[in-house]
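So the structure is just underneath, and the comments pick up after that.
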2 protein chains.
Amino acid sequence: MAATLHDVAQLAGVSIKTVSNVVNDYPHVRTATRERVQAAIAQLGYQPNLSARTLRSGRSGVIGLVLPELSLSYFAELADAVIAQAELHGLVVIIERTGADRARELAVLSSPRMRMTDGVIFSPLGMGQADAHFLEVDFPLVLLGERIFGGPVDHVTMRNIEAARAATEFLLGSGRQRVALIGAHPDEDLGSAALRLEGYKEALASAGVAYDPELVRSTTLWHRANGAAATRELIDSGVDFDAVFGLNDALTLGVMRVLQESGRRIPEDVAVIGFDNIEEAEYAVPSLTTIDPGRELIAQRAVDLLVQQIGSGAQRPEHPTAETVGFEVIVRESAPA
Amino acid sequence: MAATLHDVAQLAGVSIKTVSNVVNDYPHVRTATRERVQAAIAQLGYQPNLSARTLRSGRSGVIGLVLPELSLSYFAELADAVIAQAELHGLVVIIERTGADRARELAVLSSPRMRMTDGVIFSPLGMGQADAHFLEVDFPLVLLGERIFGGPVDHVTMRNIEAARAATEFLLGSGRQRVALIGAHPDEDLGSAALRLEGYKEALASAGVAYDPELVRSTTLWHRANGAAATRELIDSGVDFDAVFGLNDALTLGVMRVLQESGRRIPEDVAVIGFDNIEEAEYAVPSLTTIDPGRELIAQRAVDLLVQQIGSGAQRPEHPTAETVGFEVIVRESAPA
DNA sequence: GTGAAAGCGCTAACAT
DNA sequence: ATGTTAGCGCTTTCAC
């Protein structure tokens, strides 16, 4: 049986409160007493029972991170950053996978498991704007991503439209005229895909290039395999193109793969730009020009906002903040300047 | 304030015990009573307080997964598999990053945070065989990886020697003679690197090919960048080689990148094989021939063993099992048959 | 089939 | 500066 505060108190010949004071670094403890207690703690190998502490104090020191899946590199790297940032605040992270499934996302929001945590960082991919009211929960919550705007919670997001516009302008600026876009989600009005498509259209318009729906290709999840498949369809359709904007990097690596299989040279025949700046983009062949959407900063701000909410004790922020972080075009070989 | 069992009991006009029985699906409750209780639960939006349940029952429903970092694709995909498997058992997963640092690995083992969980799956990368006794902890623990063998805990591992031997034999069998190995850890006697190096040597010996230390290159962590750097050194050294065995895929993608920069064709000039079968291996250019070490199976067995330990209630398994899962050579373009 | 009561280990008032 | 005491919300005997 593990030692309790009681055992330590008994061995040290003090009250349980004094032991608690020592454990919690309460300052007003005589040095002699403190040392006696510390000796007893060491002798018994005492470790505080966090469940009891949680029950009593209402704080678990655990936050939840809810995301689609870790095998998507973007989310793995995001999770890594969130865990590191949480650690700075003495928090550990429970990860819940939703598989981008709306029903599972809703279920997680109302599960007692999440109520056990001190707060949740939530990156939905299945829910949409109409589900905003489900975010009215009674625990601290920070929303990530582009599925829901103007909701009742703090929100951290990237500049999708501006970044996509910059990506497209970068391709047009390097002399390309027929820019294909891969990864659209036609049934979406919001969401990363819709926003990035909008940025793409804005760039075309402002450059005076006609929008050609033939050049826009849809996929479901942004996996390599889907990027590859969509590119095969694009090629088979016979439409002419000299550049590709892939809506995320994983997808775009699949795109590059198929372009090269088809004998096209990158960037000579087709320039390619991605979105996310995952680690492998730098080591792809050719290395992938892409958008760095500020993932580290997003993780940092999300944790900070959550910690702030937890600390405020308020049920919900009166004025939910909507923060956006900056982006950057990372120029590599697949689309030189 | 959230509703408690008490509130529900009062509203339903029954005792707290009866509510508890309903919540926990205890069979011997009259239907009428059950329905009344369920109505009260619904009306109050009651959700059990998991901290209280944990304190009382000694079970948290949380397991820990301790690993180097999630931005290494192998570990991200492993974590994804562990979380999915844990979910099947109704468990959630806390992820702790150690950065492959021995001190942090040891710290995690003795932290109260881990004692709060029902058990831990631990993948060390900094600890070594001499640290085996630190694994004698008083909570359920399953060890992954190749750093420590014969320890006092259940252990799930891959067939490093055999798989590395198979990889090397595959290259030799396709007519290569000068097989470089990248990613060695010279100061290791155990560990994935040492074991895979041993498999490499075995293959050379049994094929009657002399072992040339010039062909063996070290790196620290198996990141893309390190694979790239080691390959540059290999090339600069002027030594002759016609194949590369990279000790993991991430590293090997860096290798391929540099080989191609240097004007070498893969596989015509240099055949390349990796180890891990991460998702991007399939979409690399050229696609990467590699070893599938059975990651999914490892995750599955690890969780199952942990659940078994948790269920047994025993302090430690009397006869720790050491399980190995099978591997497979995945043939792709970088090293055809 | 249901109720009463004890107590898991801790923190937080309050008392001294 | 230290001790006493009352719960946090639940599960779990043990009655009835």
Side-chain angles (χ1 to χ4, degrees), chain A residues 1-41 44-62 90 112-113 115-118 138-139 313, chain B residues 1-38 40-41 44-62 90 112-118 138-139 313:
Chain A
M1 214 45 230
T4 72
L5 276 191
H6 244 100
D7 303 331
V8 177
Q10 199 159 5
L11 179 60
V14 296
S15 89
I16 175 178
K17 175 59 161 61
T18 303
V19 181
S20 176
N21 283 341
V22 172
V23 170
N24 296 302
D25 289 324
Y26 182 69
H28 303 296
V29 180
R30 230 195 325 252
T31 317
T33 316
R34 158 164 296 142
E35 282 167 359
R36 202 142 39 87
V37 170
Q38 278 166 339
I41 288 177
L44 293 173
Y46 168 76
Q47 300 239 238
N49 179 319
L50 297 190
S51 306
R53 183 178 281 178
T54 298
L55 176 58
R56 181 65 239 223
S57 69
R59 287 278 172 81
S60 65
V62 179
R113 272 275 140 60
R115 198 156 278 99
M116 183 188 61
T117 65
D118 291 344
D138 57 2
F139 51 85
Chain B
M1 215 46 232
T4 72
L5 275 190
H6 242 100
D7 304 329
V8 177
Q10 199 160 6
L11 179 60
V14 297
S15 90
I16 175 178
K17 173 59 161 69
T18 302
V19 181
S20 176
N21 283 341
V22 171
V23 170
N24 296 301
D25 291 324
Y26 182 70
H28 303 297
V29 180
R30 232 197 321 254
T31 317
T33 317
R34 176 183 308 273
E35 282 167 358
R36 201 142 38 87
V37 170
Q38 279 166 338
I41 288 177
L44 293 173
Y46 167 77
Q47 301 239 240
N49 179 318
L50 297 191
S51 307
R53 183 177 281 178
T54 297
L55 176 58
R56 182 64 236 223
S57 69
R59 288 278 172 84
S60 65
V62 179
R113 273 274 140 61
M114 287 298 106
R115 197 157 279 97
M116 184 188 61
T117 64
D118 291 343
D138 57 1
F139 51 85

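Letters A, B, ... mirror the listed sequences (proteins, then strands); counts begin at 1.
- Atom CG of A:Leu5 is separated from atom P of C:dC8 by 13 Å (rounded to the nearest Å).
- Protein atom CE of B:Met116 is 14 Å distant from nucleotide atom P of C:dC10, rounded to whole Å.
- Going from atom NE2 of B:His6 over to atom P of D:dG7 covers 12 Å, rounded to whole Å.
- Of the residues in residues 50-59 of chain A, those lying under 4.0 Å from DNA chain D by heavy-atom distance are A:Leu55, A:Arg56.
- To the nearest 0.5 Å, the span separating CZ on B:Arg56 from CG on A:Leu55 amounts to 12.0 Å.
- In this structure B:Ser60 satisfies the side chain to side chain donor-acceptor pair (under 3.5 Å) test together with B:Asp118, sequence neighbours excluded.
- Heavy-atom minimum distance, B:Arg113 versus A:Gly90: NH1-O, 3.5 Å.
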Donor-acceptor pairs under 3.5 angstrom involving side-chain atoms of residues 3-15 of chain A: please list them, not counting sequence neighbours.
unit_1	atom_1	unit_2	atom_2	d
A:Thr4	OG1	A:His6	N	3.1
A:Thr4	OG1	A:Asp7	N	3.4
A:Asp7	OD2	A:Thr4	N	2.9
A:Ser15	OG	A:Lys17	N	3.1
A:Ser15	OG	A:Thr18	N	3.4

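- An end-to-end axis angle of 30° holds for the helix from C:dG1-D:dC16 to C:dT16-D:dA1, taken from five base pairs per end and rounded to 10°.
- When the C1' atom of C:dC10 is taken as reference, atom CD1 of A:Ile41 falls 14 Å away, rounded to whole Å.
- Separation of atoms CZ (B:Arg30) and CG (B:Asn21) is listed at 13.0 Å; rounding is to 0.5 Å.
- Rounded to a whole Å, the CD atom of B:Gln10 is 15 Å from the C1' atom of D:dG9.
- Within the 3.5 Å criterion, the main-chain N or O of A:Val29 finds no donor-acceptor partner in the side chain of A:Thr33.
- A heavy-atom distance below 4.5 Å is not found between the side chains of A:Leu50 and B:Thr54.
- Between A:Arg34 and A:Val22 the shortest heavy-atom distance is CA-CG2, 4.2 Å.
- Proximity of a side-chain donor or acceptor of A:Ser20 to a complementary backbone N or O of A:Ile16 within less than 3.5 Å is not detected.
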Using the 3.5 Å cut-off, write out each protein N or O paired with an N or O of nucleotides 2-4 of chain C and the distance between them.
unit_1	atom_1	unit_2	atom_2	d
C:dT2	OP1	B:Thr33	OG1	2.4
C:dT2	OP2	B:Arg30	N	2.9
C:dG3	OP2	B:Ser15	N	2.7
C:dG3	OP2	B:Ser15	OG	3.1
C:dG3	OP2	B:Thr18	OG1	2.5

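- The distance from atom OH of B:Tyr46 to atom P of D:dG9 is 10 Å, rounded to the nearest whole Å.
- Contact between the side-chain N/O atoms of B:Ser20 and the OP1/OP2 oxygens of D:dC10 is not found at any separation under 4.0 Å.
- With sequence neighbours left out, B:Arg36 forms a salt bridge (Lys or Arg N to Asp or Glu O under 4.0 Å) with no residue at all.
- For B:Asn49, no side-chain nitrogen or oxygen approaches OP1 or OP2 of D:dC8 to under 4.0 Å.
- With hydrogens and angles disregarded, a donor-acceptor distance shorter than 3.5 Å links the side chain of A:Asn49 to the backbone of A:Ser51.
- Rounded to an integer number of Å, the gap from CG of A:Asn24 to P of C:dA13 is 13 Å.
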